[in-house]
> 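One structure is given below, represented as structure tokens, and several questions about it will come after.
Starting from 1, each residue takes its place in the sequence as its number.
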Amino acid sequence: MALVKKDPQGGIHNSRQCQAHLLPVRDALEFLSGKWKLPIIVSLSFGNKRFREMANEIDGITDKMLSKELRDLEQNQLVKRTVYDSVPVRVEYSLTDYGSSLDNVVDALRAWGVQHRKRIMKKQG
């Protein structure tokens, strides 16, 4: 039998409904967690970038880690890697439409982070 809990607004939620909400959140956090994926996504949200541009923008990331994370983001269809036939060869990274679907999530996290930072700084000050 599923547990039934009353929410603060008076609605009834059972543990299956809770799990149905938690599972996709867990999936998203599992993929986006870590130190580098969101900063890479944010960097690319400001426009297409070459590898070195991103490496210079994202403080502390190593070339090896940037390369690994870009491959992972590309495999998960969030980032597109375009190789231009030029001499020397030029490679550029961009967000896919799917990657851009995270814009609202990133904006919400940024807004919450600004609010949280102000709140915590006020307490410490």
Side-chain angles (χ1 to χ4, degrees):
M1 180 174 161
L3 295 175
V4 177
K5 295 184 179 180
K6 196 171 185 177
D7 73 14
Q9 287 77 35
I12 301 294
H13 295 283
N14 66 40
S15 63
R16 283 192 193 133
Q17 288 172 313
C18 181
Q19 287 300 316
H21 280 78
L22 282 174
L23 184 60
V25 169
R26 222 180 260 158
D27 290 345
L29 287 176
E30 187 174 310
F31 179 72
L32 295 172
S33 69
K35 192 172 181 178
W36 303 115
K37 282 193 177 76
L38 283 174
I40 292 167
I41 289 168
V42 169
S43 174
L44 290 173
S45 73
F46 285 91
N48 300 354
K49 304 269 171 59
R50 296 178 73 176
F51 185 91
R52 186 58 37 215
E53 289 176 281
M54 278 186 287
N56 290 336
E57 272 185 1
I58 303 170
D59 288 337
I61 195 166
T62 64
D63 288 354
K64 183 177 177 180
M65 182 58 69
L66 179 56
S67 180
K68 176 196 166 302
E69 295 289 34
L70 283 168
R71 273 194 309 275
D72 198 23
L73 288 164
E74 186 179 8
Q75 287 174 347
N76 283 277
Q77 302 173 8
L78 298 169
V79 168
K80 180 181 177 190
R81 180 178 184 264
T82 304
V83 180
Y84 294 96
D85 188 20
S86 60
V87 178
V89 173
R90 186 171 61 105
V91 178
E92 193 172 81
Y93 296 89
S94 59
L95 282 181
T96 62
D97 289 341
Y98 186 52
S100 293
S101 72
L102 288 167
D103 286 350
N104 291 337
V105 173
V106 171
D107 288 344
L109 283 170
R110 186 197 60 75
W112 187 87
V114 167
Q115 177 186 3
H116 179 69
R117 180 176 280 270
K118 285 178 184 175
R119 179 184 182 115
I120 297 304
M121 294 300 183
K122 186 168 44 172
K123 278 186 178 179
Q124 293 176 357

> Leu102, Phe46: one ILVMFWY side-chain cluster at the under-4.5 Å cut-off?
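In one cluster: yes.
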> State the CH2-CG distance between Trp36 and Leu70, to the nearest 0.5 angstrom.
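The CH2 atom of Trp36 sits 12.5 Å away from the CG atom of Leu70.
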> Are Lys49 and Glu57 close enough, and set up right, to give a side chain to side chain contact (heavy atoms under 4.5 Å, CB included), and what steps lead you there?
CA-CA 10 Å; Lys49 304 269 171 59; Glu57 272 185 1; 3.0 Å; yes
> Quick one: does Thr96's side chain get under 4.5 Å of Glu74's, heavy atoms only?
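The answer is no; the side chains never approach within 4.5 Å.
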> Measuring from atom CD1 of Ile120 to atom CD of Gln115, what distance do you get when rounded to the nearest 0.5 angstrom?
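Taking CD1 in Ile120 and CD in Gln115, the distance rounds to 10.5 Å.
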> How about Phe51 and Val91: do any of their side-chain heavy atoms sit closer than 4.5 Å?
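No; the side chains remain at least 4.5 Å from each other.
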> Where do Thr82 and Asn48 land on the side chain to side chain contact (heavy atoms under 4.5 Å, CB included) test, with the steps shown first?
CA-CA 10 Å; Thr82 304; Asn48 300 354; over 6 Å; no
> For the side chain of Ser33 and the backbone of Glu30, is there at least one donor-acceptor N/O pair under 3.5 Å apart?
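Flag set: sc Ser33 to bb Glu30 pair under 3.5 Å.
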> Would Leu109 and Ile40 show up in the same hydrophobic cluster when neighbours are defined by side-chain heavy atoms closer than 4.5 Å?
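Yes, because Leu109 and Ile40 connect within a single hydrophobic cluster, where side-chain heavy atoms sit under 4.5 Å apart.
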> From Leu78 CG over to Glu69 CD, what is the distance, rounded to the nearest 0.5 angstrom?
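Rounded to the nearest 0.5 Å, the CG-CD separation comes out at 11.5 Å.
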> What is the distance from atom CZ of Arg50 to atom CG of Asn56, rounded to the nearest 0.5 Å?
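The CG atom of Asn56 is 12.0 Å from CZ of Arg50, to the nearest 0.5 Å.
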> Any sub-3.5 Å donor-acceptor pair from Asp72's side-chain atoms to Lys68's backbone N or O?
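Between the backbone of Lys68 and the side chain of Asp72 there is no qualifying donor-acceptor contact (under 3.5 Å).
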> Would Tyr93 and Val89 show up in the same hydrophobic cluster when neighbours are defined by side-chain heavy atoms closer than 4.5 Å?
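In one cluster: yes.
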> Should Leu44 and Met54 count as side-chain neighbours, where that means a heavy-atom distance under 4.5 Å?
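Of all side-chain heavy-atom pairs linking Met54 with Leu44, at least one is under 4.5 Å.
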> Hydrophobic clustering (ILVMFWY, side-chain heavy atoms < 4.5 Å, transitive) - are Val114 and Ile41 grouped together?
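The answer is no; the residues belong to distinct hydrophobic clusters.
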> According to a 4.5 Å side-chain heavy-atom criterion applied to Ile, Leu, Val, Met, Phe, Trp and Tyr, with indirect links allowed, do Leu23 and Leu29 form part of one hydrophobic cluster?
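No, it is not one cluster - the side chains of Leu23 and Leu29 are not joined through contacts under 4.5 Å.
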